[in-house]
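Written out below as structure tokens is the structure these notes cover.
Worth knowing before you read on, the calculation uses all heavy atoms, side chains too, and leaves out hydrogens, waters and symmetry mates.
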Amino acid sequence: MKKKQPNEQRITVLYARLSRDDEKEGISGSIQNQKAILEKFAADNHLPNPRFMFDDGYSGVTFTRPAFMEIMDLAEQGLVANLVVKDHSRLGRNRLVVGQLLEEDFVRLNVRYIAIMDNIDTANGVSDIVPMQDLFNEWHAKNTSDKVRRVMQNRGNAGIPLTTNPPYGYTKALEDKNRWIVDEPAAVIVRRIFQMCVSGLGPTQIAKKLKAEQVPTPTEYWRSIGKKCGPGTGRPFNWCSRTVAEILDRQEYVGDTVNFRSFSQSFKQKKRLDKPQEEWKIFLDTHPAIIDRETFALVQNLRQHRRRPTRTGAMSMFSGLLYCADCGSKLGYSATNNYKREQAFFFCSAYRSNSDVCSAHFIREKVVGELVLEGLQRLLWYIQVYEKRFAQEQMERFGLQEKKALTAKRRELDKAKVRVVEIDQLIQKSYEDMTKGLLTEERFATLTVSLETEQKQLKAAIPGMEATLDATTDKATDLQRFIERARQVTRLTELTPEIVHEFIDKIVVSKSEKVDGKRYQRVDIHYNTIGLWTAPEPETLEREYLAYYNSMQKRRKKTA
């Protein structure tokens, strides 16, 4: 049971609060104003043991304020006799919580509450008008929140960054706080993190490596350069996987501004919830890039195929890329200390959990590596020797496969746009029929609701249909980018995680079969952008290469 304190030991808390909208450097003038009024009131009314406490920069809708929480903790110990505020809104602007405090908590804790300017003193009872004051105080907070929201909406739609602090690796320009410039010492670490991810390391492994090298965390780095970022943790090199993952996911590093990533459900809720990516507002090339777009795209692809190390810590560059041809499940990776790395293998994960679902689809990692290396060597050589022909083949193939689908998508989009306009006309005509007495008001209302619902659904679907169409028509651009990258790899002698994930989309492994005592297994390699590609027969390649060689010789002779 709580021990009751003698009256002479209990204190009078003089509490001041200033919202974040009005905060200034240090203890603001407004806080000082409140302090002067509170101290004069305590002296004039001979309130015992006055102690001034304040929360500067905290909204009234939240009660997890440091000073206020300390006050309530002291009150629970029986140490608070009086709580005095300048006006009732300083206590808070959430009518439900304020009502709970006045009607229950302060009574239970034997705390006398006084709001000077509003003439509230619980020693005289709580007036019936106080709940109405609480309601008006909450409305004020809501209106302020709505105004701030509209301002932020306008800023975000104009391409101005909405983040209070730029991401690690950037800093605000001195002459323009809305413009970001590269903070080179931090940018070096960001580039290292992306490079380590490309080399095959996951966020946890990257965090361990940075910690071992005693690289300061973003918070500690900001503190070291005098940036406000909260108290230190005492562990300046304690990188965690979440911090690394957030860096790897940020599109801002390619030079883009990304607004409206998150939202709050209510002005009373400070917790931010993530928005779907299609609702983000993205402005391209608004500041210098730290990471090129190709590397960023490659990292996002790697993150989609997240690879977990085995119990021994072994990982494969092919993990997340192999799929079972029969059940579609990913192939798991097995590498233990019981056998050499050359014996590591992949197996159907569905079969491992339930052998009735599928078969093992066993294939060694070494075999996968040999097949992928050979396939890539053929593909890259073919592109470098027959670039124009390769591009023409792929575009023709794209035309045959996608032309019908593309036409259907365009037709569907056009039909949706026409229907949106048509619905407006139908609603207008229905209204005219109602005014003429040809249609009842009830029927008009029912028809209008139905048409507006259909129109709303169509308007919501149209952006997605346009995006799908744009993505489909970007095939030529993607193919040219693929060819340019293939041209840069002049001599491929071994595979790296970067090469594998840059060129390989997925590897589909079929069940092995025995023919005449020999084991055969079909493995289909699907490449990024072009999908499944089969090299021409060796005889065809040899014949065409001779023709190509002879034509080049003739050109040289003519030039000479």
Can you tell whether the side chains of [X] and [Y] come within less than 4.0 Å, N to carboxylate O?
{"X": "Glu370", "Y": "Arg364", "result": "no"}
{"X": "Glu246", "Y": "Arg250", "result": "no"}
{"X": "Arg191", "Y": "Glu184", "result": "yes"}
{"X": "Lys281", "Y": "Asp256", "result": "no"}

Practice problem: Report yes or no: is the cationic atom of Arg65 (NZ for Lys, CZ for Arg) closer than 6.0 Å to the six-membered ring centre of Phe68, at no more than 45° off its axis? | Solution: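 Flagged: Arg65 positioned over aromatic ring of Phe68.
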
Those residues that, when tested against [X], pass side-chain contact (heavy atoms from CB on, under 4.5 Å) (two or more places apart):
{"X": "Ser349", "value": "Ser329"}
{"X": "Gln214", "value": "Phe237"}
{"X": "Arg481", "value": "Glu294, Thr477, Asp478"}

Quiz item: Are Thr217 and Thr219 close enough that a side-chain donor and a side-chain acceptor fall under 3.5 Å?
Solution: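 There is no such pair (donor and acceptor under 3.5 Å, judged by atom type) between the side chains of Thr217 and Thr219.
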
Exercise. Have a look at Thr286 and tell me which of Thr257, Asn178, Val258 forms a side chain to side chain contact (heavy atoms under 4.5 Å, CB included) with it.
Key: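 Among Thr257, Asn178, Val258, the one that satisfies the side chain to side chain contact (heavy atoms under 4.5 Å, CB included) with Thr286 is Thr257.
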
Self-check item: Geometric class of the Tyr168/Tyr221 ring pair [parallel <30°, tilted 30-60°, perpendicular >60°]
Solution: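 Ring orientation, 0 to 90° scale: perpendicular.
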
Exercise. Measure centre to centre between the rings of Phe390 and Tyr386, then say whether the value is under 6.0 Å.
Key: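 No.
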
Quiz item: With a 6.0 Å cut-off on ring centres, are Phe346 and Tyr333 close enough?
Solution: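 For Phe346 and Tyr333, the ring centres are under 6.0 Å apart.
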
Practice problem: Might you point out which heavy atoms bring Ala486 and Leu380 nearest each other, and give the distance in Å? | Solution: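 In this case the closest contact between Ala486 and Leu380 is CB-CD2, 3.5 Å.
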
Quiz item: Closest approach of Ser241 and Thr204, non-hydrogen atoms and distance?
Solution: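 Shortest heavy-atom contact: CB-OG1, 3.5 Å.
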
Self-check item: By ring pair (Phe, Tyr, Trp, His ring centres under 6.0 Å) - contacts of Trp180 (at least two apart)
Solution: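 For Trp180, the residues satisfying ring pair (Phe, Tyr, Trp, His ring centres under 6.0 Å) (neighbours in sequence not counted) are Tyr170, His287.
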
Quiz item: Among all residues two or more places apart in sequence or in another chain, which pass the ring pair (Phe, Tyr, Trp, His ring centres under 6.0 Å) test with Phe482?
Solution: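 For Phe482, the residues satisfying ring pair (Phe, Tyr, Trp, His ring centres under 6.0 Å) (neighbours in sequence not counted) are Phe503.
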
Self-check item: For Glu502, salt bridge (Lys or Arg N to Asp or Glu O under 4.0 Å) partners two or more places apart
Solution: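 Scan of Glu502 (salt bridge (Lys or Arg N to Asp or Glu O under 4.0 Å), adjacent residues dropped) gives Arg485.
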
Quiz prompt | Nearest-0.5 Å distance that lies between atom CZ in Phe318 and atom CG in Leu495 | solution =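 Here the rounded value is 5.0 Å.
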
Exercise. Check whether any side-chain heavy atom of Phe296 sits under 4.5 Å from a side-chain heavy atom of Gln251, and report yes or no.
Key: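 Side-chain contact under 4.5 Å: yes.
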
Quiz item: Does the side chain of Leu492 come within less than 4.5 Å of Val489's, by heavy atoms?
Solution: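 Yes; the side chains approach each other to less than 4.5 Å.
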
